[in-house]
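We're numbering straight along the sequence, starting at 1.
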Amino acid sequence: MGQKVNPISNRLGIIRGWDSNWYGGNNYGDSLLEDSKIRKYLNARLAKASVSRIVIERTLKLVTITVCTARPGIIIGKGGQEVDKLKEELKKVTDKDIQINIFEVKRPELDAVIVANNIARQVEGKIAYRRAIKMAIANTMRMGAEGIKVQISGRLNGAEMARSEMYKEGRTPLHTFRADIDYCHAEALTKVGLLGIKVWICRGEVFGKRELAPNFTQSKEGGRGSNSGNNSGKNFKRKKNNR
């Protein structure tokens, strides 16, 4: 079972919230397509800003987009010029008013999306895949993660036959619902073809009820405001003390 289910969708409504928070009604299909276009555009436009998660919330006339990023300065720009430009570009995608919130991911080493994309970019830059993966694992474990698992598949080292390799450290209990496991699948386009990179990161266990649809703008200090880059800071302190 653990090999078949996406760990994020498996925990929806338990310890993790949805990336789109709105009620569709009769316009469900249009809103879903709009969300897909917004995400596709932002991921391409902000490719260098280490975007980990895009949360979209809708009211009747307003679309609130929260971008979780490890490099907020690139998105904000000098005096907030880039955000205004981005807002105007997104207004062409949707007819509604756009509000953009930037949420900083305090510990990017604990975010599976950022880790997977970093490994993919390094592999594309002709760095040895084993070295890139081992460095990523070491950085993640040093930042206080309970475990990390990385799988890379494809024509590794330009071999004629594709194969898969997996590297693990610590624990990643995929069946434990209270375990906060972040997951991402990234692709690296090399001269011999696509390499698939999967990353699972266990960021401790969540006890008690967690806010599933957090308001990112209110709590920027701790991890409770976001399910993306920051897990609960209290959780991490407790785990470290136990060691």
Are any non-hydrogen side-chain atoms of [X] and [Y] less than 4.5 angstrom apart?
{"X": "Arg45", "Y": "Leu86", "result": "yes"}
{"X": "Gln151", "Y": "Ser164", "result": "yes"}
{"X": "Ile54", "Y": "Ile65", "result": "yes"}
{"X": "Trp200", "Y": "Leu174", "result": "yes"}
{"X": "Thr66", "Y": "Ile102", "result": "no"}
{"X": "Asp19", "Y": "Ile56", "result": "no"}
{"X": "Val51", "Y": "Asn43", "result": "yes"}
{"X": "Glu82", "Y": "Ile75", "result": "no"}

With rounding to the nearest 0.5 angstrom, report the [atom1] to [atom2] distance, [X] to [Y].
{"X": "Asn101", "Y": "Glu57", "atom1": "CG", "atom2": "CD", "value": "8.5 Å"}
{"X": "Leu46", "Y": "Ile74", "atom1": "CG", "atom2": "CD1", "value": "9.0 Å"}
{"X": "Glu146", "Y": "Ile201", "atom1": "CD", "atom2": "CD1", "value": "12.5 Å"}
{"X": "Thr190", "Y": "Leu195", "atom1": "OG1", "atom2": "CG", "value": "4.5 Å"}
{"X": "Ser52", "Y": "Phe103", "atom1": "OG", "atom2": "CZ", "value": "9.0 Å"}
{"X": "Asn21", "Y": "Thr64", "atom1": "CG", "atom2": "OG1", "value": "10.5 Å"}

- Message: Would you say Val67 ends up clustered with Val113 if hydrophobic residues are merged whenever their side chains have heavy atoms under 4.5 Å apart, either directly or through other cluster members?
- Response: no
- In terms of hydrophobic clustering (I, L, V, M, F, W, Y; side-chain heavy atoms under 4.5 Å; direct or indirect links), are Met135 and Ile133 co-clustered? no
Which atom pair, heavy atoms only, marks the closest approach of [X] to [Y]?
{"X": "Ala132", "Y": "Ile119", "answer": "O-CG1, 4.3 Å"}
{"X": "Ile181", "Y": "Pro173", "answer": "CD1-O, 3.2 Å"}
{"X": "Ala120", "Y": "Ile197", "answer": "CA-CD1, 3.6 Å"}
{"X": "Ile8", "Y": "Asn6", "answer": "N-OD1, 2.9 Å"}
{"X": "Arg121", "Y": "Glu187", "answer": "NH2-O, 3.3 Å"}
{"X": "Met141", "Y": "Ile148", "answer": "SD-CG2, 4.0 Å"}

- What do you reckon, is NZ of Lys91 surrounded by more than 12 foreign heavy atoms closer than 6.0 Å? yes
- Message: Suppose we screen for salt bridge (charged side-chain N to carboxylate O under 4.0 Å, His left out). Which residues come up paired with Glu165, at least two apart in sequence or across chains?
- Response: Arg130, Arg163
- Message: Before you tell me yes or no, could you show the steps for Leu156 and Tyr129 under side-chain contact (heavy atoms from CB on, under 4.5 Å), namely the whole-Å CA-CA distance, both residues' side-chain angles and the distance that decides it to 0.1 Å?
- Response: CA-CA 8 Å; Leu156 304 178; Tyr129 70 92; 4.0 Å; yes
- Query: Are Lys149 and Lys168 close enough, and set up right, to give a side-chain contact (heavy atoms from CB on, under 4.5 Å), and what steps lead you there?
  - Reply: CA-CA 4 Å; Lys149 182 165 71 172; Lys168 298 177 188 176; 3.7 Å; yes
Donor-acceptor pair, distance only, cut-off 3.5 Å: does the side chain of [X] make one with the backbone of [Y]?
{"X": "Thr69", "Y": "Ala49", "answer": "yes"}
{"X": "Thr176", "Y": "Arg178", "answer": "no"}
{"X": "Arg203", "Y": "Leu110", "answer": "yes"}
{"X": "Arg11", "Y": "Asp180", "answer": "no"}
{"X": "Glu124", "Y": "Leu189", "answer": "yes"}
{"X": "Asp182", "Y": "Ala112", "answer": "yes"}
{"X": "Ser50", "Y": "Ile114", "answer": "no"}
{"X": "Asn157", "Y": "Ala159", "answer": "no"}

- Task: Would you sort out whether Ile152 and Val150 count as a side-chain contact (heavy atoms from CB on, under 4.5 Å), showing the intermediate values?
- Result: CA-CA 7 Å; Ile152 184 165; Val150 180; 5.5 Å; no
- Message: Applying side chain to side chain donor-acceptor pair (under 3.5 Å) as the test, list every pair that has at least one member in residues 31-42; sequence neighbours left out.
- Response: Ser20-Asp35, Ser20-Arg39, Trp22-Asp35, Glu34-Arg58, Glu34-Thr94, Asp35-Arg58, Tyr41-Glu89
- Task: Show your working on side-chain contact (heavy atoms from CB on, under 4.5 Å) between Tyr183 and Val199 and close with a plain yes or no.
- Result: CA-CA 6 Å; Tyr183 167 78; Val199 175; over 6 Å; no
